[in-house]
Amino acid sequence: MLHLIVFLPLLGFLIAGLFGKQIGDKASEYVTSGFLVIAALLSWINFFGFWLGGAEPFTVQVFNWMTIGNFAVDWAFRVDTLTAVMLIVVNTVSSLVHIYSIGYMSHDPHRPRFFAYLSLFTFAMLMLVTSDNLIQMFFGWEGVGLASYLLIGFWFKKPSANAAAIKAFVVNRVGDFGFALGICGVFVMFDSVNLDVIFANAASFAADSSEAQSRIVLTFLGYDLARDSALTIICLLLFMGAMGKSAQFLLHTWLPDAMEGPTPVSALIHAATMVTAGVFLVARMSPIFELSQTALTVVTLFGATTAFFAATVGLVQNDIKRVIAYSTCSQLGYMFAALGVGAYGAGIFHLFTHAFFKALLFLGAGAVIHAVSNEQDMRKMGGLRTHIPRTYWMMIIGTVALTGLGIPGTIIGTAGFFSKDAIIESLYVGQNAFAGYAFWMTVIAALFTSFYSWRLIFMTFHGKPRASADVMSHVHESPNVMLVPLYVLAAGALLAGIIFYTQFIGSHHEPGHLDPHYIDFWRNALFLGADNKILENFHHVPLLVKWAPFIMMALGFATAWWFYIKSPSMPVELARQHPGLYKFLLNKWYFDEIYDFLFVRPAMRIGHFLWKKGDGRVIDGLGPDGISARVLDVTRGVVKLQSGYLYHYAFAMLIGAALLITYMLFPGAR
């Protein structure tokens with residue numbers, strides 16, 4: 001079964017990619033989508049085994065990949081609860097995106113290539129989440145990067161799409177460099193890249209003597225590092241890779257530009273594949289991260305900062321897809337903040353629920369764009385509620401799930417309510433130095449999230465139409481092939497929280513005792529140390545802490561309603577009164593401009609100098625170009641001797657004969 005789950009998307013990629021022209025557009029769509037539906041169904045069957053507590057973690061050997069001396073790497077599938085969760089997230093969302101794309105891309109002339117890329121993307125992510133060792137994980141990691149480059153730049157005749165694809169590829173190389181160094185550090189530290197061996201050795205580290213802990217185990221950048229320092233460096237390098245893939249603060253700039261790809265690509269990248277890879281990496285390597293409190297503190301700091309930063313930028317964006325993109329960036333910050341304080345179950349729970357409502361929002365936005373003749377600027381929309389009512393209600397469901405609508409202390413709530421509130425409560429009881437900072441940043445981000453989410457709804461669907469009469473005359477509801485995936489995702493956005501709450505983060509229980517359902521669900525998948533009090537205490541936070549996200553959500557909704565329904569002129573007036581702040585947020589804290597000044601322009605100047613002076617003047621000038629130029633000079637001189645006049649040749653012959661006679665008459669000259 002596992003072989004089918006992993007390799008059916010690869011088979012779909014090969015069929016559509018190699019034989020798409022022969023079998024036609026429709027066959028390519030149906031084959032790739034059908035294979036993904038089968039893989040999704042099998043993934044749910046596999047997940048039920050872990051959810052109901054009957055399945056034990058296992059490993060499936062595929063074949064030996066490489067053997068170099070004592071270094072052996074197998075291609076194998078590691079299957080535990082974390083893998084099972086990621087399989088249903090990846091395959092469920094991907095299968096729905098495939099089906100949705102049949103309608104959305106119906107007029108594109110290159111559909112077989114598009115569906116082949118989608119399946120390749122899915123296969124690469126499956127290789128990543130099922131990896132049994134870090135080399136295989138890196139293979140899937142880079143495969144996801146390649147597929148994202150191909151899909152973001154799918155419309156390659158569009159310059160902005162090419163630029164966005166290159167930007168995503170380059171920024172991720174920065175993070176991947178850190179990940180590669182981290183893998184090397186892990187191998188030096190543990191003498192293996194196999195996850196089981198790494199985790200077994202990590203578990204024994206806590207019992208080492210102080211002498212063993214102070215022994216030099218790693219040299220990095222000229223510094224000799226003892227065990228604890230080495231573990232911190234390794235974890236930070238691994239997290240650097242996670243920052244790139246999951247678009248965390250400082251390495252986030254590629255994510256909004258990825259909107260240049262087709263909308264189904266945005267849904268797949270932001271909900272199920274690429275951006276979740278970094279969260280998965282930190283969760284998978286949790287036994288290592290738990291050995292370095294410093295590394296976990298850094299993860300908390302960057303996660304909380306990302307949640308706040310991206311939420312502030314989302315407040316003023318006008319492109320409907322970019323608003324949702326910055327929402328993704330912010331929600332990923334929530335996940336990392338949870339992982340940083342040790343609330344691994346809460347972090348993965350939010351990854352799980354986020355996949356449903358974020359895919360719903362992106363595909364819903366795609367339906368809106370489809371309805372208004374490919375317009376993405378919300379300022380040119382409005383009044384669409386009565387024209388596309390089914391899309392409207394799907395977007396409402398995605399919005400209430402994202403904002404976390406629910407009643408604290410009860411089982412009434414959307415998926416985002418259960419998972420996001422669990423993270424905020426976990427941060428409140430977290431023990432590291434930035435837990436308090438993360439709590440306040442995520443609470444404030446909840447306010448901003450509610451505001452920009454309802455701002456999107458009000459600007460897009462309410463008020464008077466701001467599109468032209470011609471556009472409004474063509475507004476229409478999407479076909480069922482696009483709407484049915486929205487219905488399925490809406491069910492997940494509403495129900496995933498209440499159904500899976502106990503398994504992911506445990507139910508209310510006595511302090512000092514971990515929930516047995518939680519232990520059963522996550523055994524051998526995440527770090528569940530007995531000293532990790534976060535698992536025991538976050539159910540027992542003060543009442544005000546429990547209600548804080550709800551209060552922020554209500555304030556954000558009320559403010560958005562006042563700004564965009566009650567008094568639409570107020571946002572314009574605020575922007576006029578505070579132009580500096582407005583431009584600061586609209587220009588995304590000027591990170592693109594700063595990076596352009598610090599890195600892009602100097603690199604271009606250096607490149608131009610090396611091109612013109614180094615390569616052109618020195619290498620080519622003294623090398624092949626210089627030699628060829630001298631040869632040309634000589635040939636030009638020789639050509640001049642060939643005048644074509646007979647008397648010139650006769651004169652040259654006489655001169656030659658005179659020189660020859662002179663040479664023969666004076667033997668001493670020889």
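We're numbering straight along the sequence, starting at 1. Quick caveat, the model's predicted, so the values are computed rather than measured.
Residue M441 comes nearest to A304 through the heavy atom pair CB-O, 3.7 Å, listed as atom of the first residue, atom of the second, then distance. When all heavy atoms of Y326 and P256 are compared, the closest pair comes out as OH-CG, 3.3 Å. Of all heavy-atom pairs between D80 and R284, the closest is OD2-NH1, 2.8 Å. Among all heavy-atom pairs drawn from A295 and F289, the shortest one is CB-CD2, 4.3 Å. Residues L360 and A493 approach most closely at CD2-CB, 4.2 Å, considering heavy atoms. In plain terms, the two heavy atoms of I411 and I498 that are nearest each other are O-CD1, 3.2 Å.
Residues T276 and V89 are not in side-chain contact: their nearest non-hydrogen atoms beyond the backbone lie 4.5 Å or more apart. F521 places a side-chain heavy atom less than 4.5 Å from the side chain of V85. Put simply, the side chain of M240 reaches to within 4.5 Å of the side chain of V174, judged on heavy atoms. At least one side-chain heavy atom of K245 sits less than 4.5 Å from a side-chain heavy atom of M274. In this structure, the side chains of F199 and M285 come closer than 4.5 Å at one or more pairs of heavy atoms. Two residues are said to be in side-chain contact when any heavy atoms from C-beta on lie closer than 4.5 Å; F121 and L150 fail this criterion. With contacts defined as side-chain heavy-atom distances shorter than 4.5 Å, the pair H354/S419 does not qualify. Between L87 and I5, some side-chain heavy-atom pair lies under the 4.5 Å cut-off.
Residue V93 is tested with V97, L96, V90, N91 for a side chain to side chain contact (heavy atoms under 4.5 Å, CB included); the sole match is V97.
S286 places a side-chain N or O within donor-acceptor distance of the main-chain N or O of F527, the cut-off being under 3.5 Å. Q248 contributes no side-chain N or O that, together with a main-chain N or O of A242, makes up a donor-acceptor pair within less than 3.5 Å. A distance-only check finds no donor-acceptor pair linking the side chain of T353 to the backbone of G497 [under 3.5 Å]. A donor-acceptor pair is defined here as one N or O able to donate and one able to accept, closer than 3.5 Å; such a pair exists between the side chain of S246 and the backbone of V275. Looking at T414, its side chain does come within 3.5 Å of a backbone N or O of L405 through a donor-acceptor pair. No side-chain donor-acceptor contact under 3.5 Å links Q503 to the backbone of Y501. Side-chain atoms of T232 come within 3.5 Å of backbone N or O of D228 as a donor-acceptor pair. Under a 3.5 Å cut-off, the side chain of T273 and the backbone N or O of L268 do form a donor-acceptor pair. With hydrogens and angles disregarded, no donor-acceptor distance shorter than 3.5 Å links the side chain of K546 to the backbone of V541. No donor-acceptor distance shorter than 3.5 angstrom exists from the side chain of N432 to the backbone of Q293, with no hydrogens or angles considered.
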- Task: Show the numbers, then the answer: is there a ring-ring contact (aromatic ring centres under 6.0 Å, His included) between F138 and F179?
- Result: CA-CA 8 Å; F138 192 73; F179 185 26; 5.6 Å; yes
- Item | H252 vs L332, side chain to side chain contact (heavy atoms under 4.5 Å, CB included): CA-CA, chis, key distance, verdict | CA-CA 11 Å; H252 65 277; L332 290 167; over 6 Å; no
- Might you work through the side chain to side chain contact (heavy atoms under 4.5 Å, CB included) test for C235 and I288, ending with a clear yes or no? CA-CA 7 Å; C235 289; I288 306 299; 3.6 Å; yes
- Message: Before you tell me yes or no, could you show the steps for F500 and F352 under ring-ring contact (aromatic ring centres under 6.0 Å, His included), namely the whole-Å CA-CA distance, both residues' side-chain angles and the distance that decides it to 0.1 Å?
- Response: CA-CA 10 Å; F500 299 106; F352 175 76; 5.2 Å; yes
- Would T442 and K420 count as a side chain to side chain contact (heavy atoms under 4.5 Å, CB included) if you check the C-alpha gap in whole Å, the side-chain angles of each, and the deciding distance to 0.1 Å? CA-CA 9 Å; T442 51; K420 186 166 70 173; over 6 Å; no
- Evaluate side chain to side chain contact (heavy atoms under 4.5 Å, CB included) for I424 paired with V443, printing each intermediate quantity in order. CA-CA 7 Å; I424 292 175; V443 168; 3.9 Å; yes
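Taking OH from Y149 and CH2 from W254, the interatomic distance works out to 15.0 Å, rounded to the nearest 0.5 Å. Of the inter-residue distances, the one linking I324 atom CD1 with F362 atom CZ reads 5.5 Å to the nearest 0.5 angstrom. Here CD of Q331 is found 8.0 Å from CD1 of I423. Values are rounded to the nearest 0.5 Å. The distance from atom CZ of F249 to atom CZ of F302, rounded to the nearest 0.5 Å, is 7.5 Å. Distance check: S453 OG to F357 CZ gives 9.5 Å after rounding to the nearest 0.5 Å. With rounding to the nearest 0.5 angstrom, the CG atom of L134 is 5.0 Å from the CD1 atom of I183.
Between Y334 and H350, the ring planes are tilted. Angles from 30° to 60° get that label. Ring geometry, F47 versus W51: the interplanar angle falls under 30°, so the pair is classed parallel (tilted spans 30 to 60°). Ring pair F77/F7 is tilted by interplanar angle, where 30° to 60° counts as tilted. Relative orientation of the W65 and W75 rings is tilted, given thresholds of 30° and 60° on the angle between their planes.
Residues forming a ring pair (Phe, Tyr, Trp, His ring centres under 6.0 Å) with F439 (at least two apart in sequence, or on another chain): Y428.
For the pair R173 and F177, the cation-pi test (distance below 6.0 Å, angle within 45°) is failed.
No side-chain donor-acceptor contact under 3.5 Å links S43 and N46. For the residue pair H98 / S119, a side-chain donor-acceptor distance below 3.5 Å is found, with atom types taken as modelled.
Annotation: F504 is not in aromatic contact with F418 [ring centroid separation under 6.0 Å not met]. Annotation: F336 is in aromatic contact with F239 [ring centroid separation under 6.0 Å].
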